[in-house]
Protein chains: 2
Amino acid sequence: MQENSDKSLERPAAKPSAKTLRGPTGGNAQRRSNKQRSESTRSALISAARRLFVEKGYAETGTPEIVAAAQVTRGALYHHFADKADLFRATLREEARAVADHIEQETEEARSALEAMTRGADSYFAAMSVPGRVRLLLLDGPAVLGHAEMAEIDQETGGEELRQGLAYAMEKGALAPLPLEAMTSILSAAFDRAALAIAQGAPAEDYKAAIRRMLEGLLKRA
Amino acid sequence: MQENSDKSLERPAAKPSAKTLRGPTGGNAQRRSNKQRSESTRSALISAARRLFVEKGYAETGTPEIVAAAQVTRGALYHHFADKADLFRATLREEARAVADHIEQETEEARSALEAMTRGADSYFAAMSVPGRVRLLLLDGPAVLGHAEMAEIDQETGGEELRQGLAYAMEKGALAPLPLEAMTSILSAAFDRAALAIAQGAPAEDYKAAIRRMLEGLLKRA
DNA sequence: GCAATAAACATACAATCTGTATGTAAATGA
DNA sequence: TCATTTACATACAGATTGTATGTTTATTGC
């Protein structure tokens, strides 16, 4: 099913015996602190994993392939991560962090609750338009780690914007009182679906219009 | 990681040599047409698979376990289905059909578009409250088969209600014109999230209230 | 009614994959 | 400097998937 012409997946390309490895700086770059080594292999693994998980999905990507791409061995992988899912978790954390950063950075002042929400939504769509993000965060993530853990990750990385926005709108009278948790949840789902559709080539304007209409229906521009 | 004290997973419990197998009716039940045999093993497989997929998820359920539960061999499985995913597909088709039937049966007259939608939503929640349905159709389904194929399945089994409802509302003037596809999609996502939350123990009334509020905002009761 | 064929499995096998156990070299701390 | 961690590298055990190949039971053409 999966052809793999590479016979030597179990060992890295050329044993970097530290004696022969010298940085282009001329200085002997082989003496690295443990922290440096760890950080470097960790990020190499996460980077390679991200690429492959995006390309072929979590289930279809094997650890031998990941370590080959990262130029390390499976020993390194299992030294840094409990298992394959744990590597995936780390990958998702970074991705969620990136999304949160993107949104936080792009957040601007808004005159009304409606405007704030609409801008937030657009910002979210922009952040999620980075290739692979939708697959990682909205497709494989929930399936592999479960919705509960995905919610945790979102919360850790600061995906509280929506809830806070709604709370503020309610407080300010723009939104009639209702169960905050539930409304946050279903709105978030709508945003996610829109992001997914857009990422898969659907007309972004249509989805943005639909989202905007939904928000207009909920929020009085008070 | 997964203990399995059964050593003989590769063959069924007791070779039903057809000579010794007699139905409790007294008559010799061993002469069965091919269609009967096929139907019987197919349904046994799907039934066992459904139970296990719900219990442990798609990825954590192996085909040896499935065939053991269904009292057949892996040979039978791979005779009837192309692969594990294909069995999963068949399972989901049945489940989607059941949901559609449930909803269709419960559909009643409604005075307004809003009422029709609200009732439809409640009906959907009721249908999705059957244990395991949410996991199959909303979690593992999209992850294993992809959203595209899930959409196909929904369409095959008649999950067009929502789109038609919106189309009707627009036509009747209760809903201002907008991209139908997009609106259908995000509303459907909101419904799904609500169903998922409810299935996982969240207060159903909260989610129903939130959904209703969303619909009220969109639909003028004209 | 019988031979030929096809359907419905049953069994064995090859290729992988995951996680663990164990061995080794490089860094770190006393 | 020496003991101890840390950071891997390698080997291995168990399990899984899909396929190839028998074997038995129904169908079908004559």
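Here is how names work: the chains are called A, B, and so on, in the same order as the sequence lines, proteins then strands, and each is numbered from 1.
- Of the candidates dA10(C), dT17(D), dT6(D), dT6(D) carries the atom nearest the His79(A) side chain, counting heavy atoms from C-beta on.
- In this structure, Ile66(B) places its CD1 atom 8 Å from P of dT17(D), rounding to the nearest Å.
- Between the Ser123(A) side chain and the Arg119(A) main chain, no donor and acceptor come within less than 3.5 Å of each other.
- Under a 3.5 Å cut-off, the side chain of Arg74(A) and the backbone N or O of Val67(A) do not form any donor-acceptor pair.
- At least one donor-acceptor pair closer than 3.5 Å links the side chain of Gln36(B) to the backbone N or O of Ser33(B).
- To the nearest 0.5 Å, the span separating CE on Met214(B) from CD1 on Ile186(A) amounts to 5.0 Å.
- Side-chain nitrogen and oxygen atoms of Thr63(A) include at least one within less than 4.0 Å of the OP1 or OP2 phosphate oxygen of dT18(C).
- Within the 4.0 Å cut-off from OP1 or OP2 of dC8(D), at least one side-chain nitrogen or oxygen of Thr41(A) is found.
- In this structure, CD of Glu39(B) is placed 14 Å from C1' of dA8(C), rounded to the nearest angstrom.
- Distance, Leu87(A) CG to dG19(C) P: 11 Å, rounded to whole Å.
- Using a 4.0 Å cut-off, no side-chain N or O of Thr73(B) falls inside it from OP1 or OP2 of dC9(C).
- Rounded to whole Å, the distance from CG on Asp86(A) to P on dT20(C) is 12 Å.
- In this structure, the CZ atom of Arg74(B) is 14 Å from the P atom of dA20(D), given to the nearest Å.
- Checked against dC9(C), dA7(D), dT17(D), the side chain of Ser38(B) finds its nearest nucleotide in dC9(C).
- Rounded to whole Å, atom P of dT10(D) lies 17 Å from atom OH of Tyr78(A).
- Atom CG in Leu77(A) sits roughly 9 Å away from atom P in dT18(C) (whole-Å rounding).
- Closest contact between the side chain of Arg37(B) and the listed nucleotides dA9(D), dT17(D), dT25(D) involves dT25(D).
- The closest donor-acceptor contact from the side chain of Ser185(B) to the backbone of Glu181(B) lies at 3.5 Å or more, if one exists at all.
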Identify the pairs formed between an N or O of the protein and an N or O of nucleotides 28-30 of chain C at a distance under 3.5 Å, and give each distance.
from, atom 1, to, atom 2, distance (Å)
dT28(C), OP1, Asn34(A), N, 3.1

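- Nearest-nucleotide assignment on DNA chain D puts the 5′-proximal partner with Ala76(A), out of Ala76(A) and Lys84(B).
- By the salt bridge (charged side-chain N to carboxylate O under 4.0 Å, His left out) test, Glu104(B) is found to be paired with no residue, residues two or more places apart in sequence or in another chain being considered.
- A straight line from CD of Gln36(B) to C1' of dT25(D) spans 13 Å, rounded to a whole angstrom.
- In this pair, Phe191(B) and Phe125(B) present their aromatic rings perpendicular. The plane angle is above 60°, beyond the 30 to 60° band.
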